[in-house]
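Comments concern the structure below.
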Amino acid sequence: MSKATVQYTTKDLKELGFIVEVPGRTDNAKNRAKALEEIQRRMEDSEDTTVNEDSFADGLSAEDLILVEPLATGSTEGEEAEIIQSVKAIASLASLRVNLEQAYQQAVELRPVIEALFSPDPLTPEHMKLATDRNFAKTLTKFAEAKAAHDQYLPIAKEAWEILAPALPPSQHKANPLGSEVVEHTQSNGKNGVAVNES
């Protein structure tokens, strides 16, 4: 039997982009403390390039961690329905994807500077200023971390979508939660109306 683990990522959108895994079964104060210890260890590890001393310049607390929901692997009594686990996995992917898009928007602005570094032409004063700014490496690192976290979680989310997709079949017309289908717009007493077929 594989050892149970809990995964966390960071709450701060500027720093969201990597996943830390610690032994445990539930999200609680003890496991969050272990996650903070693991992050600190990785920050002090010179061979670990995912985080460094500048990654959390504004500080990091247990409240800044958010749980990355894993996909359910079994069906035991009291366990959440598989479809609920799937929804949570999709929600986690949404958070990672939004962070990736935000990190990309910042990083792509630096592309002209990177291209200039490979050009034989002299760097402009603006390029030199941006290339030596401390945020240059930080911005690119955040993008790399966000992409790595997104790509790492994507297979889990794809499995979740395979479970959730049949419950959300594509429809050629709108339907209300009660099962009545909206089939056409009509004119009634000079006002726009909707014709409904009751199921």
Side-chain angles (χ1 to χ4, degrees), residues 1-39 41-42 48-51 55-56 60-108 140-182 199:
M1 180 181 294
S2 61
K3 190 174 182 179
T5 59
V6 184
Q7 292 184 330
Y8 293 97
T9 187
T10 57
K11 182 178 180 181
D12 189 340
L13 289 180
K14 294 182 179 179
E15 300 299 344
L16 182 65
F18 76 100
I19 294 175
V20 59
E21 187 174 61
V22 297
R25 292 183 177 277
T26 60
D27 176 28
N28 53 42
K30 182 179 179 180
N31 287 335
R32 284 176 177 263
K34 286 192 284 187
L36 290 176
E37 292 176 2
E38 175 63 12
I39 292 174
R41 184 195 67 76
R42 289 170 61 172
D48 191 332
T49 59
T50 56
V51 287
S55 295
F56 304 100
L60 182 67
S61 67
E63 290 72 24
D64 295 320
L65 299 174
I66 57 175
L67 180 68
V68 176
E69 295 286 354
L71 200 61
T73 56
S75 56
T76 59
E77 185 176 357
E79 196 170 30
E80 286 184 304
E82 193 175 43
I83 192 170
I84 296 178
Q85 291 286 346
S86 300
V87 169
K88 290 182 177 181
I90 296 299
S92 294
L93 175 66
S95 179
L96 291 170
R97 176 59 186 269
V98 168
N99 177 70
L100 175 57
E101 293 291 340
Q102 292 176 334
Y104 168 79
Q105 290 173 8
Q106 295 178 353
V108 75
L140 294 178
T141 299
K142 287 178 183 178
F143 168 68
E145 291 173 352
K147 189 175 189 311
H150 172 271
D151 292 351
Q152 178 183 352
Y153 196 73
L154 189 58
I156 298 175
K158 285 183 176 179
E159 291 182 16
W161 179 233
E162 289 178 359
I163 296 171
L164 182 60
L168 294 172
S171 177
Q172 296 181 353
H173 48 254
K174 298 179 181 179
N176 67 35
L178 299 179
S180 300
E181 297 180 351
V182 179
S199 57

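The figures that follow rest on heavy atoms only: side chains count, while hydrogens, waters and symmetry mates do not.
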> CD/Q106 to CG/L140 distance, rounded to the nearest 0.5 angstrom?
Replying inline: 10.5 Å
>> Please give me the minimum heavy-atom distance between A89 and A157, naming the atom from each residue.
In response: O-CB, 4.4 Å
>> Using 0.5 Å steps for rounding, measure from the NZ atom of K147 to the CG atom of L154.
In response: 9.5 Å
>> Determine whether E101 and R97 satisfy the following criterion, salt bridge (charged side-chain N to carboxylate O under 4.0 Å, His left out), listing intermediate values before the conclusion.
In response: CA-CA 6 Å; E101 293 291 340; R97 176 59 186 269; 2.9 Å; yes
>> Restricting to non-hydrogen atoms, name the atom on T26 and the atom on N28 that form the minimum distance, rounded to 0.1 Å.
In response: OG1-ND2, 3.2 Å
> In Å and rounded to the nearest 0.5 Å, what is the CG to CG distance from L96 to D151?
Replying inline: 10.0 Å
> Which one of V98, N99, L93 satisfies the side chain to side chain contact (heavy atoms under 4.5 Å, CB included) criterion with H150?
Replying inline: L93
>> I need the minimum non-hydrogen distance between N31 and P23, along with the two atoms involved.
In response: OD1-O, 3.3 Å
> Given the rule in the side-chain contact (heavy atoms from CB on, under 4.5 Å) test, do K34 and E38 qualify, once you have shown the distances and angles that lead to the verdict?
Replying inline: CA-CA 6 Å; K34 286 192 284 187; E38 175 63 12; over 6 Å; no
>> Looking at every non-hydrogen atom in both residues, tell me the closest pair between A103 and F143 and how far apart they are.
In response: CB-CA, 3.8 Å
> Measuring from L168:CG to I83:CD1, what's the distance to the nearest 0.5 Å?
Replying inline: 7.0 Å
>> Within this structure, what is the CD-CD distance for the pair E159 and E82, rounded to the nearest 0.5 Å?
In response: 10.0 Å
> What distance do R41 atom CZ and L36 atom CG have between them, rounded to the nearest 0.5 Å?
Replying inline: 13.5 Å
> Ion pair present between E162 and K158, side-chain N to carboxylate O less than 4.0 angstrom?
Replying inline: no
> Do the side chain of S95 and the main chain of A91 share a donor and acceptor less than 3.5 angstrom apart?
Replying inline: no
> Which heavy atom in P166 sits nearest to a heavy atom in P169, and how many Å separate them?
Replying inline: O-CD, 3.5 Å
